[in-house]
Chemist: 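This is the structure, below, for whatever I ask next.
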2 protein chains.
Amino acid sequence: MSVTNTAVIPQVNGPIPAGPCGDDDCGIRDVLDRLGDRWTVLVLVELSKGTRRFRELERAIPGISQRMLTLTTKRLCRDGLVERTVYPTIPPQTDYRLTPMGKSLADMVFALADWSRDHKEAVAAARSRWDQEHL
Amino acid sequence: MSVTNTAVIPQVNGPIPAGPCGDDDCGIRDVLDRLGDRWTVLVLVELSKGTRRFRELERAIPGISQRMLTLTTKRLCRDGLVERTVYPTIPPQTDYRLTPMGKSLADMVFALADWSRDHKEAVAAARSRWDQEHL
DNA sequence: CAGGATCCACCGTGATACTG
DNA sequence: CAGTATCACGGTGGATCCTG
């Protein structure tokens, strides 16, 4: 769906041939293609705490590279989930903050995080049991 | 976290250095590393409709290869989200069905799908606006 | 400080062939 | 039918250097 803007931002995964959920596209992949990469949720979580500058995000998210932070924020901006405010000062300053839609997505992420916490031990247990049986 | 079972199932993404969400690991990546790949959610959605055989899953999910279906179901089994029942008949038959924990994760996925539907147009609009401005 | 541009390594995925 | 095994490709992300 949507003509890919090959020129500007490197895209993530390609489309899935046909939709599941019966026979219509329930569009779940749209969200997960956005959330599924390595950094998007982390940026989302950090921005849910408030407005952040580029450097602040970089420090708040250990391990992220400048390149990936740029790409991630840019994709979020493109999708209308994050707003960018540039102050043409010297040195330059750029503020990032969630749009209302971005906040609502962040809420979904927190719900997922809750699920993750609630089932962390159960998953770990099942996993070690499986590893035990399949060694 | 968790010693990777290098021998059996190819793993997905590696771990993130340190946790965000303040300074403790909120574990959100655990879920998204599972959901973030190309096929897991589709299998989850299909199995949420009921018990399915291997071939049935393959047909229900257009575009998936045998290899990826095997890998995906195996990972889901390992994590205790899916149960596998093998009938040693000829030809063989294998049933897959969600565990209670798997069902609860599927519910999360449906919540995400709802969000996706609700904001699909807004995202598309923001995207085309962005593409317009950055051509 | 806030990026842009390039090169490169890894691994998730697809295609194909084979097995019990 | 329900997998396993092997090979090859493409994209994501990391590292590094450069700019305004």
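Just so we're on the same page: letters track the sequence lines, and every chain starts at 1. In this text, all values refer to a predicted model and were calculated from it rather than measured experimentally.
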Chemist: In whole angstrom, give the distance that lies between atom CZ of B/R59 and atom P of D/dG3.
Modeler: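 My rounded result for the distance is 14 Å.
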Chemist: What integer distance in Å separates B/L69:CG from D/dA5:P?
Modeler: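 Value for this atom pair: 16 Å.
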Chemist: Salt bridge between B/D131 and A/R78, side-chain N to carboxylate O under 4.0 Å?
Modeler: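 Between A/R78 and B/D131 there is a salt bridge, with a charged N closer than 4.0 Å to a carboxylate O.
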Chemist: In the structure I gave you, are the side-chain heavy atoms of A/L35 and A/L105 within less than 4.5 Å of one another anywhere?
Modeler: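 The answer is yes, as the side chains (C-beta and beyond) meet within the 4.5 Å cut-off.
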Chemist: Give a yes/no answer on whether the side chain of A/R55 brings an N or O atom under 4.0 Å of OP1 or OP2 in C/dC1.
Modeler: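 Indeed, a polar side-chain atom of A/R55 lies that close.
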Chemist: Quick check on C/dA2: is either OP1 or OP2 less than 4.0 Å from any side-chain nitrogen or oxygen of A/R52?
Modeler: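 Result: no.
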Chemist: Hey, are A/D79 and A/R34 close enough for a salt bridge, meaning a charged N less than 4.0 Å from a carboxylate O?
Modeler: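 Looking at A/R34 together with A/D79, the answer is yes, because their closest N to O distance falls below 4.0 Å.
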Chemist: Closest to the A/Y96 side chain: C/dT13, D/dG3, C/dG3?
Modeler: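 Looking only at side-chain atoms, A/Y96 lies closest to C/dG3.
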Chemist: What nucleotide among C/dT13, D/dG14, C/dG4 has an atom nearest to a side-chain atom of A/T70?
Modeler: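 Given the options C/dT13, D/dG14, C/dG4, the side chain of A/T70 is closest to C/dG4.
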Chemist: Output the rounded distance in Å from CG (B/L57) to P (D/dC1).
Modeler: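 Taking atom P of D/dC1 as the reference, CG of B/L57 is at 13 Å.
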Chemist: Heavy-atom distance under 4.5 Å between the side chains of B/T94 and B/Y87, does that happen here?
Modeler: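 They are not in contact (no side-chain heavy atoms under 4.5 Å apart), so the answer is no.
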Chemist: Compare side-chain N and O positions of A/K74 against OP1 and OP2 of C/dG3 and report whether any pair is under 4.0 Å apart.
Modeler: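 It does not, given that no N or O in the side chain of A/K74 lies less than 4.0 Å from OP1 or OP2 of C/dG3.
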Chemist: To the nearest Å, give me how far apart CZ (A/F54) and C1' (C/dA2) are.
Modeler: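 Those two atoms, CZ and C1', are 6 Å apart.
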Chemist: Is the shortest side-chain heavy-atom distance between A/I64 and A/L42 below 4.5 Å?
Modeler: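 Sidechains of A/L42 and A/I64: no contact.
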Chemist: CG of B/L71 versus P of C/dC11: gap in Å, rounded?
Modeler: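 Spelled out: CG on B/L71 to P on C/dC11 is 15 Å.
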Chemist: Atom CD of B/E58 to atom P of D/dG3: distance rounded to whole Å?
Modeler: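 Answer to the nearest Å: 10 Å.
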Chemist: Taking only residues two or more places apart in sequence or in another chain, which ones pass side chain to side chain donor-acceptor pair (under 3.5 Å) with B/R52?
Modeler: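 Partners of B/R52 by the side chain to side chain donor-acceptor pair (under 3.5 Å) criterion, ordered by chain and then number, come out as B/E46.
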Chemist: Using OP1 and OP2 only, check whether a side-chain N or O of A/R84 sits under 4.0 Å from C/dG3.
Modeler: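 Checking A/R84 against C/dG3: at least one side-chain N or O falls below 4.0 Å of OP1 or OP2.
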Chemist: Whole-Å distance between D/dC1 C1' and B/E56 CD?
Modeler: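 These atoms are roughly 11 Å apart.
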Chemist: Can you tell me which nucleotide in C/dG3, D/dG13, C/dC1 comes closest to the side chain of A/M68?
Modeler: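 Nearest to the side chain of A/M68 among the choices is D/dG13.
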Chemist: Are A/E58 and A/R55 ion-paired here, with the side-chain N under 4.0 Å from a carboxylate O?
Modeler: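 Salt bridge present between A/E58 and A/R55.
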Chemist: From the options D/dG3, D/dC1, C/dG3, select the nucleotide whose nearest atom is closest to the side chain of B/R53.
Modeler: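 Looking only at heavy atoms from C-beta outward on B/R53, the closest nucleotide is D/dC1.
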Chemist: Could you pull out the protein-nucleic contacts involving nucleotides 16-20 of chain C (nitrogen or oxygen on both sides, under 3.5 Å)?
Modeler:
none

Chemist: May I have the distance from A/D33 (atom CG) to D/dG11 (atom C1'), rounded to whole angstrom?
Modeler: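 That distance rounds to 13 Å.
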Chemist: Think A/T94 has a side-chain N or O under 4.0 angstrom from the OP1 or OP2 of C/dG3?
Modeler: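 It does, given that an N or O in the side chain of A/T94 lies less than 4.0 Å from OP1 or OP2 of C/dG3.
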Chemist: Quick one: which residue pairs count as a side-chain hydrogen bond (donor to acceptor under 3.5 Å, both in side chains) with a foot in residues 64-73 of chain A, not counting sequence neighbours?
Modeler: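 Qualifying pairs: none.
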Chemist: B/Q93 has a side chain; which of C/dT13, D/dA2, C/dC1 sits nearest to it?
Modeler: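 Nearest to the side chain of B/Q93 among the choices is D/dA2.
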